[in-house]
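Okay, so here's the structure we're looking at.
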Amino acid sequence: MKNIAVIGAGTMGNGIAHVFAQNGFEVNLIDISQASLDRGLATITKNLDRMLAKEVIDQNQKEGTLSNITTFTEMKKGVADVDLVVEAATENLEIKLKIFRDLDETCDPKTILATNTSSISITQIAAATKRPEKVIGMHFMNPVPIMKLVEIIRGYSTSDEVTNTIMELSKKLGKTPTEVNDYPGFVANRILMPMINEAIETLYNGVAGVQEIDTVMKLGMAHPMGPLQLADFIGLDVCLSILNVMYDGFKNPKYAPCPLLVNMVMAGKLGVKSGEGFYDYSESRKAEKVSAQFN
C-alpha cells in the first residue's frame with residue numbers, strides 16, 4: 001500500500017495527509033475548494049516548521065513530506081489508482097453517504113474505503129456501497145500529527161483482511177491502532193462526550209464557573225485539558241453532532257445534549273474556530289480568558 005487519497009483538507013484531513021506523507025506515502029489531498037486546499041497545505045507547512053524548530057525532523061524531511069502531497073479539486077482524478085481512501089469530510093451523514101456512493105462507483109474494486117467519522121455508523125456508510133467488506137472506520141485523534149491513537153472501527157461486514165491491513169498500516173504511521181466495534185460514538189466519544197456534556201450541565205446549573213470546572217478536572221483528575229476547553233478545541237458544533245448521533249442511536253436520555261450547548265451552537269459560538277465558546281479567543285488561541293457571557 002503506497003498511494004493514499006484523503007478527502008477533505010480541513011483540520012482532520014490535512015493532519016491525516018501530513019502523517020501519511022511524512023511516512024513516505026504518496027498522498028492525494030482532495031477538496032472541492034482550492035482555497036481549502038491552500039489553507040490545508042499552509043497548516044501542514046506550519047506544523048512541519050514547528051517540528052523543524054524542535055529538531056523532530058530536518059529540512060529534507062520537511063521538503064520530502066510536502067513533495068509527497070498532490071492536491072485535487074476533482075474527486076474522480078484524485079482517487080484514481082489509489083490503494084486507500086480516507087474520508088475526512090464534514091461530520092454529516094448525508095454528505096458522507098454521497099461521498100461513499102461516488103467513491104464506490106469511481107474507485108478500483110480493490111481500493112479500501114475508510115472514514116474518519118467520530119460517531120456515525122460504519123455499517124450505515126458501508127451500506128451505501130457495493131463493497132461493504134472493504135469499508136472501515138479509521139478515527140484519528142486531533143491533532144493528528146501528535147496524537148498516537150487511531151480507533152479502528154469494524155462495520156458489520158468489514159472483512160478480517162481489511163481490518164488487519166488497516167491495523168498494520170496504522171502502525172507504520174507510528175500510531176497505536178485499537179480495534180472497536182460499530183456502535184454509536186464507538187469508544188472514544190461514547191465516554192468523552194457524556195463527560196463534556198456533564199461539564200456543560202454543571203456550568204448550566206450554576207454549580208461552578210468555566211475556569212473552576214476545568215481546574216477541577218485538570219488538577220483533580222490529571223486531565224491535560226479541562227472538558228470545556230476541550231469542547232472549544234473540538235468545536236461545539238461537532239460535540240453537539242456527536243451527542244445527537246448517540247442520542248438517536250441509543251434513545252437514552254443520558255446522551256441528550258445540554259440546552260446550553262444547543263443554544264451556543266445556534267448562536268454561532270463554536271469555540272476556537274469561531275473565536276468564542278466557553279472561552280474568548282479574540283486575542284489568543286489559548287484558553288486564558290473566559291467568554292463574557294460566563295463572567
Using 0.5 Å steps for rounding, measure from the [atom1] atom of [X] to the [atom2] atom of [Y].
{"X": "Asn205", "Y": "Leu260", "atom1": "CG", "atom2": "CG", "result": "10.0 Å"}
{"X": "Ile146", "Y": "Lys148", "atom1": "CD1", "atom2": "NZ", "result": "10.5 Å"}
{"X": "Glu201", "Y": "Ile196", "atom1": "CD", "atom2": "CD1", "result": "13.5 Å"}
{"X": "Asp280", "Y": "Gln293", "atom1": "CG", "atom2": "CD", "result": "10.5 Å"}
{"X": "Ser159", "Y": "Ile112", "atom1": "OG", "atom2": "CD1", "result": "7.5 Å"}
{"X": "Gln22", "Y": "Ile69", "atom1": "CD", "atom2": "CD1", "result": "9.5 Å"}

Between [X] (side chain) and [Y] (backbone), is there a donor-acceptor pair under 3.5 Å?
{"X": "Thr129", "Y": "Asp104", "value": "no"}
{"X": "Asn116", "Y": "Glu87", "value": "no"}
{"X": "Lys175", "Y": "Val144", "value": "yes"}
{"X": "Lys251", "Y": "Asp248", "value": "yes"}
{"X": "Thr106", "Y": "Leu103", "value": "no"}
{"X": "Glu151", "Y": "Ala188", "value": "yes"}
{"X": "Lys62", "Y": "Ile57", "value": "no"}
{"X": "Asn92", "Y": "Ile95", "value": "yes"}
{"X": "Ser291", "Y": "Phe294", "value": "no"}
{"X": "Asp214", "Y": "Leu228", "value": "yes"}

Flag for [Y]-[X]: side-chain donor and acceptor within less than 3.5 Å:
{"X": "Ser118", "Y": "Glu91", "result": "yes"}
{"X": "Ser157", "Y": "Glu133", "result": "no"}
{"X": "Gln34", "Y": "Asp38", "result": "yes"}
{"X": "Asp31", "Y": "Ser33", "result": "no"}

Response to the item:
Applying side chain to side chain donor-acceptor pair (under 3.5 Å) to Thr65 and not counting sequence neighbours gives none
Is it true that [X] and [Y] fall in one hydrophobic cluster, defined by side-chain heavy atoms closer than 4.5 Å?
{"X": "Leu149", "Y": "Ile191", "answer": "no"}
{"X": "Val187", "Y": "Met167", "answer": "no"}
{"X": "Phe186", "Y": "Val162", "answer": "no"}
{"X": "Met12", "Y": "Ile234", "answer": "no"}
{"X": "Val272", "Y": "Val265", "answer": "yes"}

In the structure I gave you, are the side-chain heavy atoms of [X] and [Y] within less than 4.5 Å of one another anywhere?
{"X": "Leu84", "Y": "Leu169", "answer": "yes"}
{"X": "Pro184", "Y": "Arg190", "answer": "no"}
{"X": "Leu236", "Y": "Leu261", "answer": "yes"}
{"X": "Ile200", "Y": "Phe278", "answer": "yes"}
{"X": "Thr111", "Y": "Val85", "answer": "yes"}
{"X": "Pro194", "Y": "Lys254", "answer": "no"}

So, [X] and [Y], do they make that salt bridge, N to O below 4.0 Å?
{"X": "Asp102", "Y": "Lys98", "value": "yes"}
{"X": "Asp182", "Y": "Arg154", "value": "no"}
{"X": "Lys273", "Y": "Asp237", "value": "yes"}

Of all the heavy-atom pairs spanning [X] and [Y], show the shortest one and how long it is.
{"X": "Arg101", "Y": "Ala128", "answer": "CG-O, 3.3 Å"}
{"X": "Tyr281", "Y": "Gln229", "answer": "OH-O, 4.5 Å"}
{"X": "Leu29", "Y": "Gly13", "answer": "CD1-O, 4.2 Å"}
{"X": "Met75", "Y": "Ile30", "answer": "CA-CG2, 3.9 Å"}
{"X": "Val245", "Y": "Ser119", "answer": "CG1-O, 3.5 Å"}

Tell me if the [atom1] atom of [X] is crowded by more than 12 foreign heavy atoms within 6.0 Å.
{"X": "Arg285", "atom1": "CZ", "answer": "no"}
{"X": "Lys2", "atom1": "NZ", "answer": "yes"}
{"X": "Asp81", "atom1": "CG", "answer": "no"}
{"X": "Ile32", "atom1": "CD1", "answer": "no"}
{"X": "Lys110", "atom1": "NZ", "answer": "yes"}
{"X": "Lys269", "atom1": "NZ", "answer": "no"}
{"X": "Glu283", "atom1": "CD", "answer": "no"}
{"X": "Tyr204", "atom1": "OH", "answer": "no"}

Fill in: Pair Phe20 and Phe25, ring centroids less than 6.0 Å apart
yes
Worksheet entry | Summary of ring-ring contact (aromatic ring centres under 6.0 Å, His included) pairs that have at least one residue in residues 124-183, sequence neighbours excluded | none
Practice prompt. Report the C-alpha distance between Asn28 and Val82 in whole Å, list the side-chain angles of each, state the deciding distance to 0.1 Å, and finish with yes or no for side-chain contact (heavy atoms from CB on, under 4.5 Å).
Written response: CA-CA 9 Å; Asn28 293 347; Val82 299; 3.9 Å; yes
